[in-house]
Amino acid sequence: MIRVRFAPSPTGYLHIGSVRTALFNYLFARRQGGKFILRIEDTDRERSNEAFLEEILENLKWMGLEWDEGPGAGGDYGPYFQMERLKIYREHAQKLLDEDKAYYCYCTPEELAAERELANLEKRSPGYSGKCMHITEEQQAQYDREGRDPSIRFKVPASGEVVIDDLIRGKVSFDNCLLEDFIIMKSSGIPVYNFAAVIDDSLMHISHVIRGEEHLSNTPRQLLLYRALGYPPPEFAHLPIILDEQRRKLSKRRGGVDLRDFRMDGYLPEAIFNFLALLGWSPGEDLELMERDDVIGRFTLDAVSKSPSVFDDKKLEWMNAQYMKKKTPAEIADLSEPFFMYSGYEPERRFLEELSELYCERIKKLSDFPVTAACFFDEHIEYDPDAAIKYFKEPGVTAKRLRDLEDVIAELDDYNKETIEKAVRGLAEKLGVAAAKLIHPARVALTGKATSPGIFEVMELMDKPAVLSRLIQAAEYLEEKNKAKAEQ
RNA sequence: GGCCCGUUGGUCUAGGGGUUUAGGACGCCGCCCUCUCAAGGCGGAGAUCAGGGGUUCAAAUCCCCUACGGGCUACCA
């Protein structure tokens, strides 16, 4: 039975790199007909908190990465919160202590830090000296009397090596002598990551540990622990990490790095799903746009690349636009409503749907929508400087044309895009100018911008009174400008 | 510092000894469409396959070295 897990710690928002790790675990489980397990590693008491937990669960669901076992899903191998498993870790630690595979360490963090610093200064490697390994009983009693809580360290075998046969990277070996006796239980009685993960993965019968490459160097420690505990180790697969455009580990870019940032930016989960699947994995057939089931059907670990990949926002945007185009106006309306609300607009449902129809092909992400369609909501139109330079450059003539346009439109009884177009083109002919001479200034007058959806559709949806008032507004603005120009 | 991992156009990648004048996608540029923009269609520029040594009749593909990038080296995960 294939069993994989995603094990986030609730110490922050769900990072996009974590989402990719979760995704690959999910894809592998679904492809292999296995189980996808969610385990919460909440042993960092200082940084963990409930709000982050909720946020992580909610975001995983939003991505459609439903877990088969874990918080809210039950399962036979719980509890799925590490803080509820302390007894288990303590028993395992005791076992190692009894078998002389671990020992108490009474060094304080301060002492250890000082030692490390000294080692650094003397350019020695900063490993633990092992001085508590042979502590005398009376010394121990003394420390106990002082009320010093010991941590527990694992006794790393002095010689030998650990070989990992990574599913993505192949054989990787580490020499034991490079490893220090690392702590497995903190003095607080809470296990450290390497220890807890090994025990949980064993007890939860995890068959494949698929995680970020940053854990590769931790794996020898864990393998030693499996050995000491007598548990068979799982298979390992270390995923390449995701870099930002500076080729650094994805960190505080301007758009953010947490899933919530992308979500608030208006990216669709299916686009992120597709994009992330292609980050470090390839179906091998020049396929780009892939439905969820298609990705699942083709996913294999050996097609995962070894080299880190740079997160390309532009490609994500493009992919998002592709998925947006597949949506119906009704769907876009549903999805974009919160974004309008956030911008302070309260469009009526019907109207929003019509607006979606007009804009769905030209917005890349939902947060663009209220911004580009602002002219439908704001009474006062701000003219984009570039647009004004381009189409308002002859204020006198342009004002006149807009007045003419206003007249023609005001006379329209049957008001729809066909009649509007006919009227506008008719006026152009009458004036002996290209229709564009009316259309462009009108666009700036109505939207404030040099670009918009088809102008006749815009006019139709904006409705007659608003169109007229905007034409007047622009005409007045231009007349004012013309006067100022004449006075110069 | 030590130990690990990686290196194909700006980016994601295909390709795993001869089929490659290195394929696709994003981005970029141009043309078409057109009331603008986007979308769409068509076309183009862009890679001495990190560098250097080998192995081989033949290397992007196998081996070694170097450089560069990244990760780990916590009583974080």
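When reading the values below, keep in mind they use all heavy atoms of this one structure, side chains included, and skip hydrogens, waters and symmetry mates. A, B, ... follow the sequence lines: proteins, then strands. Residue 1 opens every chain.
Close placement of the A:Tyr193 and A:His215 rings is indicated, their centers lying within 6.0 Å of each other.
For B:G6, the paired nucleotide is B:C68, the pair qualifying as Watson-Crick or G-U wobble because both relevant distances are below 3.5 Å. The partner of B:U48 cannot be assigned: no Watson-Crick or G-U wobble pair with both contacts below 3.5 Å exists in any strand. Across all strands shown, B:A74 forms no Watson-Crick or G-U wobble pair with both key distances under 3.5 Å. When both distances must be under 3.5 Å, the Watson-Crick or G-U wobble mate of B:G43 is B:C29. Nucleotide B:A58 is matched to nothing when pairs are restricted to Watson-Crick or G-U wobble geometry with both distances under 3.5 angstrom.
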Q. What is the per-nucleotide protein-contact pattern of nucleotides 62-77 of chain B, from the 5' end, where B denotes a base atom under 4.0 Å from a protein heavy atom, S denotes such proximity for sugar-phosphate atoms only, and - denotes neither?
A. --------BBSSSBBB
Q: Scan nucleotides 15-32 of chain B nucleotide by nucleotide, 5' to 3', and note B when protein non-hydrogen atoms come under 4.0 Å of the base, S if they reach only the sugar-phosphate, - if neither.
A: --------BBBBS-----
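In summary, A:Lys87 and A:Glu91 engage in a salt bridge, as defined by a charged side-chain N under 4.0 Å from a carboxylate O.
Remark: the separation of the P atoms in B:A50 and B:U61 is 8 Å, to the nearest Å. Distance noted for atom C1' between B:A60 and B:U48: 12 Å (whole Å). B:G54 and B:G15 have their C1' atoms separated by 24 Å, with the value rounded to a whole Å.
Between the side chain of A:Arg169 and the base of B:C5 there is no donor-acceptor pair of N/O atoms closer than 3.5 Å.
Put simply, A:Ser309 has no side-chain N or O that comes within less than 4.0 Å of OP1 or OP2 on B:U11.
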